[in-house]
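Here's the structure we're looking at; comments come further down.
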Amino acid sequence: MGLSGPCGPCTEIHFDRTGLKSSHLVNKDSQDVVEIWNLVFMEFNRKPNGELEKLKGHYVDTGMGLERLCAILNGKRSNYDTDLFMPIINEIQEVSKIQEYQGRFGLEDNNGLDTAYRIIADHARMIAIASADGAFPDENYRLRHVIRRALKIGSKAFKKDVTLLQHLMHPVIDTLGDVYPNLSSSLNRTQTILQYEEELFKKLEKESKKYLQALVGKPYADRLALEDLKGAAKLVEEIEKLRIKGVKSVPPTLVYQLNSDRGISVTAIKTICSGEEIGFNEDDFHVVSEKVKENSKTATVSGRLERDSKFKVFNYLKKRGLKHTDMSSQHSYSKYDSDYEFPKISAKVETILVDGESKSRIISGLFTIVLDKTNFYVESGGQIFDTGCIYCETGKARVISVSDLNGYILHHCEMVEGFLEEGISVVASIDESRRIKIMSNHTATHLLNYALEKCLNVTYQKSSFVGDEELQFGFGVYSNFDLKTVETVEAIVNDLIDKRLDVKREVALKSEALEMADVRTLPGAEYPDQVSIIKIGENLSKELCCGTHVLNTEDLIKFVITDLRSLGSGAKLARAVTRDQGLEAEANAIYIDKNLKILKSKVSNNFETIEEMLSNLLVVQDDIAVLKNELLNTKLSLVKRRHFESEIDKCFRKVKGQPQTILNSVLKAQIEEKAVAARRNGLAFLVVSLEVPEAFRHFKRVEVRPDIVTKEMAKKDMAFAICYATSEGVFARTFIPKETDMYFSLVFPTSLTCVSFCFRTSSTT
């Protein structure tokens with residue numbers, strides 16, 4: 001055991017490979033006599049000073065080395081030579097086509113290849129089992145670290161691209177599948193995660209090359225994980241500055257900043273500081289880290305008691321001997337036909353608090369009240385708190401929010417009329433309309449989770465928020481999640497709503513609930529000893545959840561996903577609405593679709609006169625601006641929103657250049673008309689002053705352009721001089737027939753009346 005902590009007498013079983021009763025080799029780190037079983041009879045607790053004290057209960061700590069026992073049964077001296085590892089090692093060789101495994105250790109393994117074989121084989125087993133047990137790299141740093149270490153070694157030692165790990169899942173299943181049957185059933189899931197992690201690794205490897213420059217020549221550089229390189233480069237730079245100043249230890253505040261901002265791990269920091277021979281106090285770092293976390297918790301106050309005040313209030317309530325608030329009425333509601341009933345409850349006012357101080361009576365302003373029991377839901381499990389009112393014959397208060405102070409439910413209120421006193425009986429009534437919206441959104445969250453699992457090979461819940469206006473659901477995603485998938489997920493949820501599935505809540509012990517088949521839990525979440533299981537339909541969805549839910553999926557009426565955004569690598573956040581909000585989004589889509597059709601018809605209209613065309617274009621431009629503004633400020637399905645944005649953009653691009661095109665044709669016609677008249681009058685050249693007609697000046701970025709005179713026009717028997725003004729100045733451009741030796745442009749940033757033209761031919765100017 002350790003130097004301190006639980007301990008006691010122990011017995012061990014060792015296997016003597018020599019058969020010569022070599023008891024003198026026990027615990028001598030010999031390969032000839034190997035410990036295979038250990039039992040420790042826990043009777044004492046050893047204090048740091050070495051003193052032993054009796055434990056209240058006695059226990060047996062036992063452990064057998066499975067791989068060691070397998071080596072004995074296989075007649076092998078190394079665990080890695082057994083039938084647990086060799087199929088995996090052989091697969092590595094088969095895939096990489098590199099030198100076979102030689103079983104060398106220590107100095108004999110001079111190129112480190114056999115060590116690489118063993119590391120990857122061992123890591124492959126760990127990755128397969130951890131993934132099958134439901135672990136995700138996004139949520140489990142150690143798992144991601146093991147995957148990336150294996151990828152790095154595979155790439156370096158076996159000259160193999162990153163798909164090596166995927167190949168190794170098959171021999172892992174062959175060797176362990178009988179004992180761990182979920183290895184086989186979760187193969188696709190594991191392969192999907194590995195494929196995603198491998199792509200992420202390649203991208204990270206490419207991005208990290210620039211940071212390696214700062215670590216050239218550093219002996220520890222190869223031991224750093226890719227994700228640590230960005231922070232490592234900065235840390236090395238800072239260490240050099242500290243050396244110049246004569247500082248011999250890295251400040252914990254600097255370490256925390258690099259850890260927080262650049263993601264460098266504490267392990268990497270220790271490795272670098274050791275390699276650079278500069279001090280690093282890990283305990284000081286953790287002190288700074290905890291202080292920052294604590295400060296962040298108390299940085300804002302949103303109608304709740306601050307930390308110090310909460311501590312004071314909690315001690316006051318405990319000193320008063322008040323029992324924890326009875327919250328059993330939070331889930332007391334029923335449904336008759338389509339209407340929900342939420343019983344009001346009678347409760348006793350235990351205490352009234354103003355700014356953390358106890359008051360016997362309250363007549364106005366903001367205050368906090370503690371009741372002996374409540375039907376108000378306190379914010380937990382991602383679900384927002386209830387609001388409502390507390391009243392009696394003498395007065396009424398509006399409940400603004402509700403919070404939990406270690407079992408005491410605090411109702412944060414504003415006095416509406418009359419007064420309330422400590423010790424009196426009051427009626428607690430929640431805002432029923434708001435609660436129904438919240439319940440609908442919470443049930444929708446469970447249906448969304450189910451639908452995502454149906455559509456995606458691998459996904460898991462990362463976070464959730466359930467409010468009265470909308471729900472938000474964060475989830476891991478390891479494959480493409482496009483609008484088509486959003487549409488499919490939305491359709492699945494609405495289909496479950498139409499099926500009118502019953503929603504039931506059951507209470508069970510945590511130990512029993514976790515043993516149930518197909519019960520969905522939140523990765524990394526801690527659950528109380530007694531939990532609620534929310535069941536939807538006949539085994540359709542089962543989740544551990546403390547929130548409130550509708551009693552039938554039909555009460556959601558309509559489910560609409562309104563937004564989807566990235567939460568970083570491998571994670572998305574979906575936002576959605578139900579009930580009236582869902583119907584509103586659907587109605588908005590119909591309204592905008594109707595206006596879009598009208599817009600398209602205007603874009604496609606044909607007109608006989610230029611004036612009619614220009615007038616229509618002005619209307620179309622205004623309509624496009626109005627529709628774009630409506631899209632920004634209207635609740636809509638994400639799928640519909642993206643469709644409308646695309647269609648409006650097509651209309652915009654179609655009409656965007658039309659005013660300029662029409663202007664060009666008008667000006668060309670003017671030039672042609674004047675050219676015909678000039679030739680008729682026997683003129684050898686034509687000077688034309690062009691400007692944007694009044695009818696075009698309502699359009700932005702419409703101006704006279706020199707390309708309105710085509711090469712065909714210039715090749716004729718007449719010289720052209722075009723004078724025009726733009727936002728950049730006044731320009732003159734000439735076009736000379738082919739037999740002359742040149743043509744040129746002049747810029748005169750003055751008025752049109754000051755422009756001069758000079759035509760040059762072979763004999764005359």
Next item on the list: Check the surroundings of atom CG in N633: do more than 12 heavy atoms from other residues, nucleotides or ligands lie under 6.0 Å from it?
Entry: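 Check passes, neighbour count above 12.
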
Assess, by modelled atom type and distance only, whether the side chains of [X] and [Y] contain a donor and an acceptor separated by less than 3.5 Å.
{"X": "H446", "Y": "S541", "value": "no"}
{"X": "H412", "Y": "S401", "value": "no"}
{"X": "S265", "Y": "D228", "value": "yes"}
{"X": "Y377", "Y": "S380", "value": "yes"}

Next item on the list: Report yes or no: does Y340 contribute a side-chain atom to a donor-acceptor pair with the main-chain N or O of R435 at less than 3.5 Å?
Entry: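 No, because the side chain of Y340 does not come within donor-acceptor range (under 3.5 Å) of the backbone of R435.
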
Margin query: Any salt bridge linking D580 with K437? Criterion: basic side-chain nitrogen under 4.0 Å from a carboxylate oxygen.
Written below: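 Salt bridge flag = no for K437 with D580.
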
Check: Any salt bridge between K558 and E584, counting N to O under 4.0 Å?
Finding: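 Judged by the 4.0 Å cut-off on N to carboxylate O distance, K558 and E584 do not form a salt bridge.
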
Next item on the list: Please collect all ring pair (Phe, Tyr, Trp, His ring centres under 6.0 Å) contacts where either partner lies in residues 477-499, sequence neighbours excluded, each pair once.
Entry: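 Non-adjacent pairs meeting ring pair (Phe, Tyr, Trp, His ring centres under 6.0 Å): Y196-Y478, F475-F481.
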
Check: Listed by chain and number, what are the ring pair (Phe, Tyr, Trp, His ring centres under 6.0 Å) partners of Y391, not counting sequence neighbours?
Finding: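 For Y391 there are no ring pair (Phe, Tyr, Trp, His ring centres under 6.0 Å) partners, ignoring immediate neighbours.
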
Expected list for residues 341-351: side-chain donor-acceptor pairs under 3.5 angstrom, two or more places apart:
| unit_1 | atom_1 | unit_2 | atom_2 | d |
| --- | --- | --- | --- | --- |
| S346 | OG | S425 | OG | 3.1 |

Checklist line | F136 six-ring face occupied by R189 cation (under 6.0 Å, within 45°) | finding: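 Relative to the ring axis of F136, which defines the angle, R189 lies inside both limits.
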
